[in-house]
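Just so we're on the same page: letters track the sequence lines, and every chain starts at 1. The figures here come from the full heavy-atom set of this structure, side chains too, leaving out hydrogens, waters and symmetry mates.
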Amino acid sequence: MERTQFDIRYATLRRAVIERDFAHLNDKQKEAVFNTEGPVLILAGAGSGKTTVLINKIVNILRYGSGVQCEQAPFFAKDEELRRLARYLAEKPQTEEELTDMYRLCSVSPARPWEVIAITFTNKAANELRERLNTAIGAEAASGVWAHTFHSACLRILRSNFDKASLSRNFTIYDEDDKRRVLTESIRALGLDEKHYDPRAVGSEISRAKDNLLSPRAYEAENGNDHYRKTVASIYHEYQGRLSMSDAMDFDDIIVKTVELLKKHEEVRNHYQNQFRYVLVDEYQDTNYAQYVLSSLLAGGRRNISVVGDDDQSIYKFRGATIQNILGFEDQYPDALVIRLEQNYRSTSTILNAANGVIKNNCGRKSKTLWTENPAGGKITVYRGSTQEEETEFIASNILRDVSEGVPFSKHAVLYRNNVLSNNVEQAFKRNGIPYRILSGLRFFDRAEIKDMLANLWIIQNPADTLRLKRIINNPKRNIGDRSIEKAEQIAHNEKTTVFEILKNANEYPELSRGREQMTAFCKMIEELRQMEEFLPLDELYDELLEKSSYMSALKIKNDMESRARIENVLELKSNITDYCTRTEKPSLNGFLEEISLFTDIDRYDASADAVIMMTMHAAKGLEFDHVFLCGMEEGLFPSFRSMESDDDIEEERRLCYVAMTRAKKNLRITCADRRMIFGQTRYSRPSRFIEEIPQEFIEKFEPQTNITENKESGYRYKPTEPVTLPKISSFVTKKEEQPSANLYAVGEMITHKAFGRGMILAATPMGGDCLLEIAFDGVGTKRLMAKSASQYMKKA
DNA sequence: AATCCGGTTCTTTTT
DNA sequence: GAACCGGATT
């Protein structure tokens, strides 16, 4: 088609209107948002507005389609339309009708919501996407967009095509723990020694195989010469057999089966390739081979694929992520548009330059230099203590100083390489009465009683699930012992049916005479619940389950501390179910179990509580905090001993360091200790090489003062932080609220503290619902503590 | 079937 | 130092 003068004027106006709609973006971000057609690689540095770009791109696709890129006027356009468009540009549309009219005049084949799929790695990212789409384009359109994690998107596809994916309707999902158990069973069943074939090592080897889309047979063919791997291949084979007997899939299978489905069934592939006009993938640097194949398949129709990632933030190689996907994107799509987002909106320039200085030491990256218009901010503090106690006391006293200056606890995060370091920090926080929250550790859904109840629900959904069946069959006690189950398993194996079927018909097998009444009773209970599931709402079904399984009554009879806590947890699971039912359109047992199995503890992170947040550096990815502490920055811990042998591993550690540093918005403090107790031994180490890699001009160093090192009495040898004048008690906090422990202490009073000994209260400042005390301890010096939480360590002298 | 003891192990872990 | 697992013991 010829471009006319009219077309050119129209396209110019249209572009101006659309540009105005996205005026809050910078030029690079706009480029990423406007180029909807064809493959686009967006290299987005830390804090460069990656999520913003993703969301705006979707909004653009839904609102204007390929609007900006289209050079033609719409077919219906006459001079009248052109004039209207010009008017809308001169003055913004006021009424709803005018706005709709403007969108119509500018849009060129806009996508419908379900034609867009945006894939993320975490539920948190997917939820954030959904929420921000909600505000941008309204709930109705937003809910149509496929904003999912890789796993939930795949489950959605698998559920609608379970027959073609050779799955049963009610397939079960095994988590990492279930996986390990099945692996142990498999290893034993093959008569192998667990010492030689560690289930964890074998499990990750199998995961890597699945990441690379290798079936047991293909894996064996590739590794036939290696004795160990040959055995792993047979375990892999056995393991898959057991999964399929239980109608179960592990996390890796969710991706693998979807890829298989799309590869094998042309009509399914065509369906999704037609449906998804636009495919967007977040955190592309962390995709593995299978996920790469999957996204390529989904985008295979129109090749409108946008991937967002940062090769410098790839920290999951050990889980099979391959940086090759992002590095090779241009080879895969030679016509790809590459856009670099290099302006950072998060950190001070000091922090950013320091992080740049570190990551610069890595080879094999896409060249990219982040810059910022943000102010320089303060220098990065590097504190070197002689012991871990000094280190953590430094962190605690720094936080208290910030708090006394009006910064809430919740603006602080402590990040560490390794979970064991959290103990020390935790102790220091307890001593100093600092409220804190640890992310990771024991998850709610990992608690035994929760897993028990979920296992029950899984069985109702899919009685073939032998692993879960074994978990609950004798819990609460039904006098069905391991031996009886072993026999039942044997029979099931011989008759090629499920254990549940055998137990149901226990009367027919003389071997099972021992517990046959209990067995049939149990199966009858499950079958009744299965029938109820058809018509009962989910939360009522759960009540029935608690009742019929006597799980609750067994706990009530025990009635000790632990059982009471368990009852609470079991009830909390109920509120989870109720919550799920209210916010889901068509609640189902299926849907609930699926959601739960893809849930992680980061999803429970509640940013509203005023507490310091502690987590591993890995867990911090994608988050940001005003004040960040990186602790345990020592050779051997970070970078870890294990990574020191290979350059590749050191580079991954360095990327992790880069990720950790760039979490900080305003202030970054790095700490280490010369000597620490770890794994029951005292170890001495040098400060991390990564500290050395930070250009010195961005750093202010604090080291223990050697001249007071001999002060045995106190044990604390670092230079105390500068005395700070506490803010005056301001009028708005003086309103008398019931603060029992907070008001217990008066200025001038003497107290004793478990850790610090005798001291006198110098000042008491009400703060939030608590009170900040400044106490002069004998020998130890002046400390600031929060009254409420420190009171358990303190009493009046 | 439950409990105790002793030996072993100890990165990170979006789903 | 602690947590977890497996085998042996009651």
Colleague: Just how far, in rounded Å, is C1' of C:dG1 from CG of A:Asn424?
Modeller: 11 Å

Colleague: Looking at B:dT13 and A:Phe318: do their rings stack (centroid distance under 5.5 Å, interplanar angle under 30°)?
Modeller: no

Colleague: Taking only the P atom of each, what is the distance from C:dC5 to B:dT12 in whole angstrom?
Modeller: 16 Å

Colleague: Got a sec: does the CG of A:Asp647 have more than 12 other heavy atoms crowding it under 6.0 Å?
Modeller: no

Colleague: Separation of A:Phe251 atom CZ from B:dT14 atom C1', in whole Å?
Modeller: 11 Å

Colleague: Could you tell me whether A:Glu176 contacts a base, only the sugar-phosphate backbone, or nothing, with contacts defined as non-hydrogen atoms closer than 4.0 Å?
Modeller: base

Colleague: Sort and list the pairs that fulfil salt bridge (Lys or Arg N to Asp or Glu O under 4.0 Å) and have at least one residue in residues 310-327 of chain A, not counting sequence neighbours.
Modeller: A:Asp310-A:Lys368, A:Asp312-A:Arg365, A:Asp312-A:Lys368, A:Lys317-A:Asp649

Colleague: For the pair A:Glu624 and A:Arg346, find out whether any cationic side-chain nitrogen is under 4.0 Å from an anionic carboxylate oxygen.
Modeller: yes

Colleague: Does A:Glu389 come within less than 4.0 Å of A:Arg431, counting only side-chain N to carboxylate O?
Modeller: no

Colleague: Whole Å only: how far is the CZ atom of A:Arg663 from the P atom of B:dT14?
Modeller: 16 Å

Colleague: Which residues pass the salt bridge (Lys or Arg N to Asp or Glu O under 4.0 Å) test with A:Arg180, not counting sequence neighbours?
Modeller: A:Asp177

Colleague: For A:Tyr316, answer base if it contacts any base atom (sugar-phosphate contacts may also be present), sugar-phosphate if it contacts only those atoms, and nothing otherwise; contact means non-hydrogen atoms under 4.0 Å.
Modeller: base

Colleague: Can you tell which of B:dT14, B:dA1, B:dT12 lies closest to the side chain of A:Asn418?
Modeller: B:dT12

Colleague: Grab the CD-C1' distance between A:Glu653 and B:dT11 for me, whole Å please.
Modeller: 8 Å

Colleague: Take atom CG of A:Asn288 and atom P of B:dT13, then tell me their distance rounded to the nearest Å.
Modeller: 18 Å

Colleague: Under 4.0 Å from OP1 or OP2 of B:dT13: is there any side-chain N or O of A:Thr616 that close?
Modeller: yes

Colleague: Name the orientation of the base relative to the sugar in B:dT11: syn if the glycosidic angle is within 90° of 0, else anti.
Modeller: syn

Colleague: Give the rounded distance in Å between these two atoms: CG of A:Leu656 and C1' of B:dT13.
Modeller: 12 Å

Colleague: Write out a two-atom table: protein N or O, nucleotide N or O from nucleotides 3-7 of chain C, distance below 3.5 Å.
Modeller:
{"unit_1": "C:dG6", "atom_1": "OP1", "unit_2": "A:Arg188", "atom_2": "NH2", "d": "3.3"}
{"unit_1": "C:dG6", "atom_1": "OP1", "unit_2": "A:Glu194", "atom_2": "OE1", "d": "3.3"}

Colleague: Rounded to whole angstrom units, what separation is found between the CD atom of A:Glu283 and the P atom of B:dT13?
Modeller: 15 Å

Colleague: Remember a base hit wins even if backbone is also touched, and classify A:Met677 as base, sugar-phosphate or nothing at under 4.0 Å, heavy atoms.
Modeller: sugar-phosphate

Colleague: Would you give the length of the straight line joining atom CD of A:Gln388 to atom CD of A:Glu634, rounded to the nearest 0.5 angstrom?
Modeller: 9.0 Å

Colleague: Can you tell me which nucleotide in B:dC10, B:dA1, B:dT13 comes closest to the side chain of A:Arg642?
Modeller: B:dC10

Colleague: Using a 4.0 Å heavy-atom cut-off across all strands, classify A:Asn423 as base, sugar-phosphate, or nothing.
Modeller: nothing

Colleague: For the residue pair A:Tyr316 and A:Phe318, does the interplanar ring angle fall in the parallel (under 30°), tilted (30 to 60°) or perpendicular (over 60°) class?
Modeller: tilted

Colleague: Measuring to OP1 and OP2 of B:dC10, would you say a side-chain N or O of A:Asn419 lies under 4.0 angstrom away?
Modeller: no

Colleague: Taking CD1 from A:Ile438 and C1' from B:dT12, how many angstroms apart are they, rounded to a whole number?
Modeller: 17 Å

Colleague: Using a strict cut-off of less than 4.0 Å between a Lys/Arg side-chain nitrogen and an Asp/Glu carboxylate oxygen, indicate whether A:Lys257 and A:Glu260 qualify as a salt bridge.
Modeller: no

